Amino acid sequence: MHLTREEEEVLSRGDARSRALETVVKVGESLGASRLLDVETAHVSGVSYQTIGDAGVEFLSDLAASGARFKVFATVNPMGMELDGGETPVDDLFKSRQLEVVKSLIKMGASAWFTCAPYDIIRTPPGTVHAWGESNAISYINSVRDAMSEKLPGPFTILAAITGKVPEFGLYLHENRMPRVMVKVNGRITQAAAGIIGKMVGEFSGSRVPYVVVGPMTERAMKAMLASFATYSPNPFMVIEGVNPNWRLYRSEMDVEESLVIDEKDLRLPETRDFDAVFIGCPHADLDEVLHVAKLLEDRGYPRLAKPLFISTSRFVKSQLSPAILSRLDELNVHVITDTCPIVSPFLRNRGLLNIATPSSKSVYYMPRLVSLNAMPCEIDECIGDLL
Ligand SMILES: C/C(=C\C(=O)O)CCOP(=O)(O)O
């Protein structure tokens, strides 16, 4: 691999950044990369004690104690509880281990927003290079903005944040971003239907980049589709006609080997069974999504919901909501939680809530696998309708 003089100099220092760079170079060599790229930002995933356990806590605290510090702006994924504990009960051991993780990340220089939708905070213009580790976010910046990130493992995003470098491989190379399959979607795209589309496109295209022709959809449906797609496919990039800023270029250069048509009949949800709570916010809800729920309840005369609705989001989004809206939502059994999400936290189970309805296809996939919850898909307007 070709290394610049500056990279050689960092390698010769023998400090924490030097050791991190050594690993980045070794990984790059094993991937056949011919050089390293400078990244503008990093987004670290795998920071919940629920998923990384004691080994992860030790890894992060050893790195922080060794003097490793982030070189580029770095955000982090949701952790296993709210920072102030409010609505997300966890036991004392969990809390203390999770706080160790937070301490290590902050010591290394993380911007501690604890969100899986950092694209709501960071502008990632077309062609810019990033080292992100959360698949929905990677899929979003690649597909909607034509920024560049591969799907990097959580620990590797930390090394990228420390060094400011990634190997040039996979989706960092223009030739690997060329669509190889075409998908045409017919029908009205609701948020839950968008999750089904993402799953179908992901399963059909596998590691190939799809070129997707689909009608207009809301931002929350777009996020749901891309999150689901990146859950079911190893490749976090689709070219969406009319959406990706360079879709015309991709269309002119693509070489399509297979096609799929998705029709309205494919987008029907199974009947929702009995549930204990409703969840939205995977990916973390944006302001529009929270306000959509507030408006639904306003239109129905502000009824108190028969079962709780949890909305997970970032502190950034929550800070834009007035205390009056938040306390009104709380009175109506709608709980806006930050820093975490139910797929990386035991809090729903700890509150005795085991059967969860959600418009998020990604949550339906992960809830049974990561936190032993039963999850079922629903359209948010309909789930809320059931709770009036
Ligand atoms: C376990 C997850 C995130 C985390 O540990 O931070 C959710 C799945 O992550 P993907 O990036 O969608 O694989």
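Both backbone and side-chain heavy atoms feed into the values below; hydrogens, waters and symmetry mates do not. This structure is a prediction, so every number in the text was calculated from the model and none was measured. Remember, it's 1-based here, ligands and their atoms both numbered in the order they're listed.
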Is the cationic atom of R177 (NZ for Lys, CZ for Arg) positioned less than 6.0 Å from the six-membered ring centroid of F237 and within 45 degrees of its normal?
yes
State if S48 counts as touching ligand 1 under the rule of any non-hydrogen atom under 4.0 Å.
no
Where ligand 1 meets G133 - atom numbers and elements under 4.0 angstrom, heavy-atom basis
11 (O)
Pairing donors with acceptors under 3.5 angstrom, does anything connect the side chains of Q191 and E289?
yes
Under 3.5 Å, is there a donor-acceptor pair linking the side chains of Y211 and E241?
yes
Does the R220 side chain pair with the main chain of D288, one donor and one acceptor, at a distance under 3.5 Å?
no
Are side-chain N/O atoms of H284 and D286 paired as donor and acceptor at under 3.5 Å?
no
Starting from atom 2 (C) of ligand 1, locate the nearest protein heavy atom and write down its residue, its atom name and how far away it is, to 0.1 Å.
V344 CG1, 4.0 Å
Nearest-contact summary for atom 3 (C) of ligand 1 - protein heavy atom, Å
N77 ND2, 3.7 Å
Check whether the ring centres of F94 and Y49 lie less than 6.0 Å apart, and answer yes or no.
yes
Compute both the distance and the angle, then confirm whether R369 meets the cation-pi test with Y365: under 6.0 Å from the six-membered ring centre, within 45 degrees of the axis.
yes
The protein heavy atom nearest to atom 13 (O) of ligand 1 is Y366 OH, 3.5 Å
Quick one: do K223 and E219 satisfy salt bridge (Lys or Arg N to Asp or Glu O under 4.0 Å)? Show the steps, please.
CA-CA 6 Å; K223 285 169 65 176; E219 174 70 5; 5.9 Å; no
What residue and heavy atom of the protein are closest to atom 9 (O) of ligand 1, and at what distance?
E134 OE1, 3.8 Å
Give the atom numbers and elements of ligand 1 that come within less than 4.0 Å of a heavy atom of S45.
6 (O)
Just jot down the ligand 1 atoms closer than 4.0 angstrom to any heavy atom of G46, in number order.
4 (C), 5 (O), 6 (O)
Which residue supplies the protein heavy atom nearest to atom 7 (C) of ligand 1, what is that atom called, and how far is it?
I343 CD1, 4.0 Å
Nearest non-hydrogen protein atom, atom 1 (C) of ligand 1:
L370 CD1, 3.7 Å
Select one of side chain, backbone, both or neither to describe which atoms of T231 lie under 4.0 Å from any atom of ligand 1, heavy atoms only.
neither
Do you know which two heavy atoms are closest between A194 and A224, and how far apart they sit?
CB-CB, 4.3 Å
Can you list the atoms of ligand 1 that are under 4.0 Å from a heavy atom of T51?
5 (O)
What residue and heavy atom of the protein are closest to atom 10 (P) of ligand 1, and at what distance?
S135 OG, 3.4 Å
Is it the case that ligand 1 has an N or O less than 3.5 angstrom from some N or O of K151?
no
